[in-house]
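Everything below concerns the one structure shown next.
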Amino acid sequence: MKNMTTKQISQYLEKVDIHAFRRELITWFESEMRDLPWRQDQDPYKVWVSEIMLQQTKVDTVIPYFNRFMEQFPTVHDLAEAEEQQVLKAWEGLGYYSRARNLQNAVQEVVATYGGKVPDNEEQLSSLKGIGPYTKGAILSIAYNQPEPAVDGNVMRVLSRIYFIEEDIAKPKARKTFEAILRELIDPDNPSYFNQGLMELGALVCTPKSPSCLLCPVQAHCEGFKLGRQTELPIKITKKKKNVKRYWALVIENTKGDVLIEKRPDSGLLANLWQFPMMDLSDVDPEFAKQWIQQAYGLSVTVGHKLTDINHVFSHLTWDLEVIRCKTDDSLSLDPDDVCFVSKTHIDDYPFPVSHQKIRQILLNEQS
DNA sequence: TACGCGTGGTC
DNA sequence: TGACCAAGCGT
C-alpha cells in the first residue's frame, strides 16, 4: 500500500559494493556475451525491433524471425510503407501479434513526426505504441548509451536474489523498486553493457530454476546466495486457471477445390490474422451447423466428416477444435477483404495462427 | 490494478 | 502431462 521509501532503497544498496559489482558484471559480459544478430551494431531501429520481438519470447525463437524481418524491412521507411498483412505474415508463429501492429504503427509515427529518426528521449519514446517502461529503457541504454534502467523479468530475478528482495514481482509496482535501485546501481560509464550484462546474467547464469551460482561473476555480492536461499527468489504469485472454449473449425471446399478462410476482427485475440471459419459450440449445436453456415456465410453446404481434433493452449485459455470438412456448390457474396475462397497454392500467403496452420498443413499434405 | 494477449521449451 | 516459464504492453 505504500511505496518503497528512499531509506528502504538505501538499505538495499548498502548491501553491495557498487563499484566492484559494476566492474565484475561488465567484465563478465564482455567475455561471455552471445553473438546475436541485433548486437552487430547499435542501430536504434534494430535494437527496437529486437526488444519488441524478445518480449516474453526466447532468444532462440527470435533469431530467425529477426533476420528475416531485417531482410524484408531493413529500415523504418520499409516497415512504415509495408502492408499490415505483410508485417503480420513476417510475424506469423511468433505470437502476441499486437506487437507487430503496434510496432508498425509506431514506426509510421517516427517517420511522420521525427523524420525517420528513432527518438532518444523518454517522452517521445513513451508516446509510441508498444514501447513501455522496459523497452524505453532498453532503447535509451543500448542504442543511445543513456543511464536509464531497463527492468525486465531477468533484472527483477537477478536483483531480487542479489538484494534478497521479497516483493511479489508479479505486481506492477515491484518494477518501481528495481528501477529505484538501478538508478543508483547502473554504471554511468557504460549503461549499455551494464543493462545487457544484467539481462544476459539472468538468461545464462541466474536462471529461474537451479541457477549456476558457482559460475556467477557477482556471487560475492549476492545476499540470496549468502543465505542459501537464492532459489526462493524471486517471489511471483500467479493463479487463474484457463477457460476451455470448444469450436468446430470448418474446412469448406467449393467445386474448384478452393477453401473458405476469413479474417479475424481487428482487435482482441489474434487480431487481423486469418483462419478457417469457427463455429462456437457454446452458441451453436452441431445439429444446426448447416443453418449456421448458411446464416453466417450465405453458403449451402453438406457437412462431412471430422478431419482431426486440435487442442491449442494459449497463455490465458484453451481451444478444443474439431476440424470438420464441408462441401458447397455456391459462390461467395461477401467482402473478399474479410472472407474468401482461396486455392491451396495461395493459402500460404495469408498469416495464420499456429492452431490453424495445423489445419492448413493437413490440406497441403492431402494435395501432394 | 488485473487481466487479455501466443508460442515453444522444460521438467 | 500439465504447469510453469520467457528480454512486457495496452487497457
Side-chain angles (χ1 to χ4, degrees), chain A residues 1 33-34 36-39 46-66 88 91-103 105-106 125-139 141-143 149-158 168-176 178-179 192 195-204 206-211 234 236-245 264-273 275 310-319 351-358:
Chain A
M1 76 183 242
M33 69 170 149
R34 290 167 291 179
L36 301 172
W38 47 89
R39 286 180 176 162
K46 291 184 196 167
V47 172
W48 182 5
V49 171
S50 70
E51 291 302 339
I52 300 297
M53 287 188 170
L54 285 163
Q55 289 171 6
Q56 304 289 284
T57 312
K58 294 230 191 297
V59 164
D60 289 344
T61 303
V62 166
I63 289 173
Y65 282 92
F66 178 83
L88 285 173
W91 212 270
E92 184 185 58
L94 196 52
Y96 287 141
Y97 299 95
S98 67
R99 291 184 296 177
R101 299 195 305 131
N102 287 338
L103 174 61
N105 176 293
L125 279 176
S126 293
S127 73
L128 297 171
K129 280 240 175 64
I131 299 188
Y134 163 73
T135 304
K136 176 189 68 183
I139 292 172
S141 62
I142 298 172
V151 179
D152 68 347
N154 284 314
V155 169
M156 289 196 282
R157 182 172 60 257
V158 171
D168 178 6
I169 66 164
K171 300 222 178 294
K173 79 177 207 188
R175 202 194 73 246
K176 304 263 185 199
F178 294 99
E179 281 180 355
S192 171
N195 280 351
Q196 291 188 74
L198 222 40
M199 291 188 275
E200 196 83 338
L201 188 68
L204 300 179
C206 195
T207 49
K209 347 196 149 188
S210 56
K236 186 176 180 181
I237 300 173
T238 60
K239 40 179 174 303
K240 182 94 173 152
K241 70 184 232 304
K242 308 184 204 299
N243 288 334
V244 178
K245 296 224 49 169
R264 291 180 59 83
D266 64 9
S267 66
L269 182 63
L270 306 169
N272 285 359
L273 272 69
Q275 66 179 10
I310 292 172
N311 179 273
H312 191 80
V313 179
F314 295 94
S315 50
H316 58 301
L317 69 99
T318 297
W319 277 358
F352 276 64
V354 167
S355 50
H356 284 245
Q357 287 176 38
K358 293 172 185 167

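So you know, we letter chains A, B, ... as the sequences are listed, proteins then strands, and number each from 1.
By the side-chain contact (heavy atoms from CB on, under 4.5 Å) test, A:Gln55 pairs with A:Ile52, A:Arg99, A:Thr135, sequence neighbours left out. Annotation: side-chain contact (heavy atoms from CB on, under 4.5 Å) contacts of A:Ala138 (sequence neighbours excluded): A:Glu51, A:Tyr134, A:Ile142, A:Ala150.
Note on ring orientation: taking the six-membered ring where Trp is involved, the planes of A:His356 and A:Phe352 are tilted (angle from 30° to 60°).
A:Val155 comes within 4.0 angstrom of no nucleic acid atom, judged by non-hydrogen atoms across all strands. Looking at heavy-atom distances under 4.0 Å, A:Thr135 makes contact with sugar-phosphate atoms alone, never a base. Nucleic acid contact for A:Arg264: none, since no nucleic acid atom lies under 4.0 Å from a heavy atom of the residue. A:Lys241 comes within 4.0 angstrom of no nucleic acid atom, judged by non-hydrogen atoms across all strands.
B:dG8 and C:dC9 have their P atoms separated by 22 Å, with the value rounded to a whole Å. The gap from the P atom of C:dC4 to that of B:dC3 amounts to 15 Å, rounded to the nearest Å.
What separates CZ of A:Arg157 from P of C:dC5 is a distance of 10 Å, to the nearest Å. Taking atom CD1 of residue A:Ile63 and atom C1' of nucleotide C:dA6, one finds them 14 Å apart after rounding to whole Å. A:Phe178 places its CZ atom 14 Å from the P atom of C:dG8, with the value rounded to the nearest Å. Look at CG on A:Asp60: it is 11 Å from C1' on C:dA6, rounded to the nearest Å. A:Phe66 places its CZ atom 23 Å from the P atom of C:dA6, with the value rounded to the nearest Å. Atom pair A:Asn311:CG and C:dG2:C1' shows a separation of 11 Å (rounding to whole Å applied). Whole-Å rounding puts the A:Lys173 NZ to B:dA2 C1' distance at 15 Å. Spacing between atom CG of A:Asn105 and atom P of C:dC9 amounts to 16 Å, rounded to whole angstrom units.
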For A:Arg157 and A:Ile169, run side-chain contact (heavy atoms from CB on, under 4.5 Å): C-alpha distance rounded to whole Å, both residues' side-chain angles, the deciding distance at 0.1 Å, then the answer.
CA-CA 8 Å; A:Arg157 182 172 60 257; A:Ile169 66 164; 5.8 Å; no
Quick tally for nucleotides 3-11 of chain B: nucleotides whose base has a protein heavy atom under 4.0 Å get B, sugar-phosphate-only ones S, the rest -, giving -SBBBS---
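Nearest-nucleotide assignment on DNA chain C puts the 5′-proximal partner with A:Trp38, out of A:Trp38 and A:Leu128.
Between A:Lys129 and C:dT11 there is no side-chain N or O to OP1 or OP2 distance below 4.0 Å.
No side-chain heavy atom of A:Leu54 sits under 4.5 Å from any side-chain heavy atom of A:Phe66.
To the nearest 0.5 Å, atom CZ of residue A:Arg34 and atom CD of residue A:Gln196 are 10.5 Å apart.
Surrounding NZ of A:Lys129 are at most 12 heavy atoms belonging to other residues, nucleotides or ligands under 6.0 Å away.
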